[in-house]
Amino acid sequence: MLRDRVVVVGVSGGIAAYKACELVRRLRDRGATVVVVMSRAACEFVTPLTFQALSGNPVVSHLWGDQAPRFQLPRAAAARVRGHVEHVDIAEAADAVVLAPTTADLMARLVHGEAPDALTALVLATPAPVLVAPAMDLQMWRNPATQANVRTLAARGFRFVGPDSGPLASGLAGPGRLADLGAIVDATDEMLRVRTSMTGVRVLIGAGRTEEPLDPVRVLTNRSSGRMGFALAEAARDRGAEVTVVAGPTSVEPPHGVTIVPVTTALQMQRAMTEAAARADVVIMAAAVADYRPAKASSAKLKREGAELTLTFTPNPDILAGLGAARRAGQQIVGFALETHDGVANARRKLTAKNADLIVLNSPEHGIGTETNLVTLVEAGSTVELPEAGKREVAERILDRVLERRGTVAPELALAPRRASATSKRVSPRVVGTKRRAVTTKPAARVVAWNFSMSSRHLLHSFCMISSMPKPSLAISSADSGETELA
Ligand code: CTP
């Protein structure tokens, strides 16, 4: 997976920076093109020259400066580059970004979207997946601020590897050592595999809650925030899927890069889901649908009259059951079950009644309105309880299982099942590995030289702004033909 991929190694200022030198070599051994981006503090530990020699590419260590780098990039990566600003160009060329070592300070900056240097600016600008390999003293790692930052980044889709436990530079011992370099390389490979694991798959997700009007002011609804459905949408999007979300009202912002179909009531959601399901490969119903709606919504505001108010409700359609009944051949259907008691038995009943492949069982205290979730995956013949985790991580595991069921790539990012019942099937890395081998790699891309002068481009941009001419972009020269073109 690493061959002909551009891996940006981001080095921040910790003693483990010296280990990044060997990491660069190992990534290149696996066929990756490596570009190193360093923070100012990292340059105190290792010189850019060392990384330049090891990576075979210029090192980016400043946001501003008189640079004329010649990056050696595979043709596919060079084609993505628009050639306006150096750190954005590298961000766009990257297939993966590996931050090794990641200091506590770098994590804090990433959480807040600060970009005072080339490394942080690149991470903000890249659409590529980012792997974080923390390395710091154990007290810094255990500090609640650092742990909160880890959770925030994980919820945004950053992947983590390590830290390992052992002797630290401070003389203390405990968690804080940079992960084993082999583990970092493997995690990078895995991250790239996940990135394309749903390419071309059409995923439909029902998210949020429904609102059933009682009168022009009041609604019957529930406390669902929409986080789980949106986390699923983001995870599927980041794996290359074409994602449609039918979203009822939510308490959080919808993700970008997916098609959002806004609805309010259960009937509207049923219409939108049924229509979109006709072309979906995977349907995931994570919405909290009101089972009943007022038999008649009042057109005028209900007035306080007498001591008691009696309303009559009429059942809403079971959307998931309808989708299950009308499913296309090969379509995967995933539902949720929110249970306060007899969870597995009820989930199993819903699995059959709604003709679903998988029911994600959760409870109100863990699943509704929270940042994390504690779920059990219930299928015919298996029950697997996952550890409590952020909703994005839970979403990744659900998609892993969907892919396993589809018989395609089943990436595994180490959320081992916490407890399994007698009929449980562990999501074993060995099985996963067998399926991984079915993945085809892209044909080798030719290498071109990517060549530009920052300072001269700045001058040209200034000139173009003054004269209102279109901006020229990056000059890409082909190493094998010697041709030069303005792309
Ligand atoms: N669901 C649905 N349409 C409904 C109710 C639920 O599509 N009218 C879906 C939910 O999105 C979820 C699954 O069915 O994927 C189970 O929802 P849940 O609320 O747990 O159970 P219900 O089917 O509503 O049954 P009950 O409330 O009796 O537990």
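Quantities reported herein were computed from a predicted structural model and do not represent experimental measurements. Just so you know, ligand 1 is whichever comes first in the structure, and atom 1 is the first atom listed for that ligand.
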(message) I'd like to know if the side chain of T372 pairs up with that of R151 as donor and acceptor (distance under 3.5 Å, no hydrogens or angles considered).
(response) no
(request) Scan side-chain atoms only and decide if R202 and T244 contain a donor-acceptor pair under the 3.5 Å cut-off. (result) no
(message) Which residues pass the side-chain contact (heavy atoms from CB on, under 4.5 Å) test with E371, not counting sequence neighbours?
(response) R227
(request) Taking atom types as modelled, find out whether N149 and T146 have a side-chain donor-acceptor pair closer than 3.5 angstrom. (result) no
What are the polar N/O contacts of ligand 1 with the protein below 3.5 Å, with distances?
| unit_1 | atom_1 | unit_2 | atom_2 | d |
| --- | --- | --- | --- | --- |
| ligand 1 | 3 (N) | I319 | N | 3.0 |
| ligand 1 | 7 (O) | I319 | N | 3.3 |
| ligand 1 | 7 (O) | L320 | N | 2.7 |
| ligand 1 | 8 (N) | D291 | OD1 | 3.4 |
| ligand 1 | 8 (N) | P317 | O | 2.9 |
| ligand 1 | 11 (O) | A287 | O | 2.7 |
| ligand 1 | 14 (O) | K354 | NZ | 2.9 |
| ligand 1 | 15 (O) | M285 | O | 2.8 |
| ligand 1 | 15 (O) | F336 | N | 2.9 |
| ligand 1 | 15 (O) | F336 | O | 3.3 |
| ligand 1 | 20 (O) | L338 | N | 2.9 |
| ligand 1 | 20 (O) | K350 | NZ | 2.9 |
| ligand 1 | 21 (O) | K350 | NZ | 2.8 |
| ligand 1 | 23 (O) | K354 | NZ | 2.5 |
| ligand 1 | 24 (O) | D291 | OD1 | 3.0 |
| ligand 1 | 24 (O) | D291 | OD2 | 2.9 |
| ligand 1 | 27 (O) | D291 | OD2 | 3.0 |
| ligand 1 | 29 (O) | K350 | NZ | 2.8 |

(request) Please check if the side chain of T33 supplies one atom and the backbone of V6 the other of a donor-acceptor pair under 3.5 Å. (result) no
(request) Among R406, R405, R239, find the one that has a salt bridge (Lys or Arg N to Asp or Glu O under 4.0 Å) with D400. (result) R239
